[in-house]
Amino acid sequence: MSELRYTANTQLEQLHARYTGTGHADITKYEWLTHQHRDTYSSIIGHPPLLAYLALADGESMGRLKFELCEKMLQPCGLPPKKDDD
């Protein structure tokens, strides 16, 4: 047993350190949704066939759609909610 260097907790910490969108115990709903939207937009931009499909469906060029998705990645869910300091 002592030979096992990595427990489930340390593996989970490494996962969170490597991938920022995996969340943690204190993540808010807004942060989680923001990560989900950014992951979706970056996946669409990174897969040209999917980008072409969406551009065709929207009736826009691929470059224009890529630009709009990059713009949406700045604040995909709008302004962050006000924090209550109790």
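Values reported hereafter were calculated over all heavy atoms of this structure, with side chains retained and with hydrogens, waters and symmetry mates removed. Note that the numbering runs from 1 along the sequence shown for the chain.
- Atom CG in L33 sits 8.5 Å away from atom OG1 in T28 (nearest 0.5 Å).
- With rounding to the nearest 0.5 angstrom, the SG atom of C77 is 10.0 Å from the NZ atom of K29.
- Shown here for Y30 and G78, the closest heavy-atom pair between the two residues is OH-O, 2.7 Å.
- Put simply, the side chain of L69 does not reach to within 4.5 Å of the side chain of M73, judged on heavy atoms.
- For the pair R38/K72, no side-chain contact is recorded, criterion being any heavy-atom separation below 4.5 Å from C-beta on.
- Counting heavy-atom neighbours within 6.0 Å of F67 CZ, excluding the residue itself, gives a total of 12 or less.
- Here the straight-line distance linking atom OG1 of T34 with atom CG of L74 works out to 11.5 Å at 0.5 Å rounding.
- With contacts defined as side-chain heavy-atom distances shorter than 4.5 Å, the pair P76/Q36 does not qualify.
- Using a 4.5 Å heavy-atom cutoff, the side chains of H35 and I27 are in contact.
- Annotation: the span from L65 atom CG to I45 atom CD1 amounts to 8.0 Å, rounded to 0.5 Å.
- Counting only heavy atoms from C-beta outward, the side chains of M62 and L56 never approach each other to under 4.5 Å.
- The side-chain contact (heavy atoms from CB on, under 4.5 Å) search around S61 returns R64, not counting sequence neighbours.
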